[in-house]
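Residue numbers begin at 1 in each chain, while the letters A, B, ... track the order of the sequences.
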Amino acid sequence: GDSVTQMEGPVTLSEEAFLTINCTYTATGYPSLFWYVQYPGEGLQLLLKATKADDKGSNKGFEATYRKETTSFHLEKGSVQVSDSAVYFCALSVGSARQLTFGSGTQLTVLP
Amino acid sequence: KAGVTQTPRYLIKTRGQQVTLSCSPISGHRSVSWYQQTPGQGLQFLFEYFSETQRNKGNFPGRFSGRQFSNSRSEMNVSTLELGDSALYLCASSPAGQGLGEKLFFGSGTQLSVL
């Protein structure tokens, strides 16, 4: 079946540090890939997406590139802010299946 | 435009009881999905409804059920509650005919505690 493996957390960084959260996937078909973010007490929000190999999704300074050869979709940001503290989820959907398969989530804390 | 609204925000029940959670999608959205979020299992897909019909179902026991009304509002029901049903239940809505993910909007969830 389909699955997503995310880097174990929690991750604690100082403000302006570089962020990488690793994500790899296994899919029965050709997936679309997503990063979602969950702030405390809130639901999930789409951060970025990529729908085909070598696509780069980007939003709010975050980037992730769809790497088919390594089945990866790592999330990066060059300079994190305190306001980026949240839980980040990598997810995929395959074909016409109208459901998301999520990774376990990575808690990020950014210290001033 | 109002977002996805879930009620109640918090709920406490005891084992063996049943519970109903409500979700009002964004106006104009016809698809509603439900997810269960727990520390141990993470986020897991429960089911998806479109035009009052269940289109897709995850791997959950029959105690978990749902329905959708003609105004696209949805409810999910859990019967004979177990301690392991304690979770944050998230509802998400999307417009008809759109690709998944980029058009999926989540509510803040209902936190269910089973004692």
J.: Let me know if Leu90(B) has heavy atoms under 4.5 Å from chain A in its side chain, its backbone, both or neither.
T.: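 Side chain only.
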J.: State yes or no: do Leu83(B) and Phe64(B) share one hydrophobic cluster built from I, L, V, M, F, W and Y residues joined by side-chain heavy-atom distances below 4.5 Å, directly or via other members?
T.: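 In one cluster with Leu83(B): Phe64(B), yes.
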J.: Taking everything shown except Glu69(A) itself, do over 12 heavy atoms lie less than 6.0 Å from its CD?
T.: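 Count over threshold, so yes.
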J.: Please say yes or no: joined through hydrophobic side-chain contacts below 4.5 Å, possibly via intermediate residues, are Leu92(A) and Met7(A) part of one cluster?
T.: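 Result: yes, single cluster for both.
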J.: So, taking the atom named CD in Gln99(A) and the one named CD in Gln44(B), what distance separates them when rounded to the nearest 0.5 Å?
T.: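 The CD atom of Gln44(B) is 11.0 Å from CD of Gln99(A), to the nearest 0.5 Å.
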J.: Report which part of Gln37(B) has an atom under 4.5 Å of a heavy atom belonging to chain A: side chain, backbone, both, or neither.
T.: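 The side chain, not the backbone.
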J.: Looking at residues at least two apart in the chain, or sitting in another chain, which of them share a ring pair (Phe, Tyr, Trp, His ring centres under 6.0 Å) with Tyr89(B)?
T.: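 Ring pair (Phe, Tyr, Trp, His ring centres under 6.0 Å) check on Tyr89(B) returns nothing, list empty.
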J.: Picking from Gly41(A), Gly103(A), Gly43(A), which has the most non-hydrogen pairs under 4.5 angstrom with chain B?
T.: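 Answer, by heavy-atom pair count under 4.5 Å with chain B: Gly43(A).
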J.: Same cluster or not: are Met76(B) and Phe50(B) linked, directly or through other Ile, Leu, Val, Met, Phe, Trp or Tyr residues, by side-chain heavy atoms under 4.5 angstrom apart?
T.: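 The answer is no; the residues belong to distinct hydrophobic clusters.
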J.: Please report whether the ring centroid of Tyr35(B) lies less than 6.0 Å from that of Phe102(A).
T.: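 Between Tyr35(B) and Phe102(A), which both carry aromatic rings, the centre distance is below 6.0 Å.
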J.: Name the region of Gln38(A), side chain, backbone, both or neither, that has any atom closer than 4.5 Å to a heavy atom of chain B.
T.: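 When you check distances to chain B, only side chain atoms of Gln38(A) fall under 4.5 Å.
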J.: Is the number of heavy atoms from other residues, nucleotides or ligands under 6.0 Å of Asn71(B) CG greater than 12?
T.: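 Yes - once you tally the heavy atoms of other residues, nucleotides and ligands closer than 6.0 Å, there are more than 12.
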J.: Quick check: is Tyr30(A) connected to Tyr25(A) through a chain of hydrophobic side chains (ILVMFWY, heavy atoms under 4.5 Å apart)?
T.: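 Yes, it is one cluster - the side chains of Tyr25(A) and Tyr30(A) are joined through contacts under 4.5 Å.
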J.: In the structure I gave you, are the side-chain heavy atoms of Leu104(B) and Leu44(A) within less than 4.5 Å of one another anywhere?
T.: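 A side-chain contact is absent here, since even the closest heavy-atom pair is not under 4.5 Å.
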J.: Under 4.5 Å between side-chain heavy atoms, counting indirect links through other Ile/Leu/Val/Met/Phe/Trp/Tyr residues: same cluster for Leu19(A) and Leu47(A) or not?
T.: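 Yes, because Leu19(A) and Leu47(A) connect within a single hydrophobic cluster, where side-chain heavy atoms sit under 4.5 Å apart.
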J.: Within a radius of less than 6.0 Å around OH of Tyr10(B), do more than 12 heavy atoms belonging to other residues, nucleotides or ligands occur?
T.: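 Not buried by this count: 12 neighbours or fewer within 6.0 Å.
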J.: Ignoring hydrogens, what is the shortest heavy-atom contact between Leu100(A) and Phe45(B)? Give both atom names and the distance.
T.: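 Reported closest heavy-atom pair: O-CB, 4.4 Å.
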J.: Give the interface residues of residues 106-113 of chain B toward chain A, defined by a heavy-atom separation under 4.5 Å.
T.: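 Result: Phe106(B), Gly107(B), Ser108(B).
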J.: Should we count CD of Glu16(A) as having more than 12 external heavy atoms under 6.0 Å?
T.: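 12 or below, so no.
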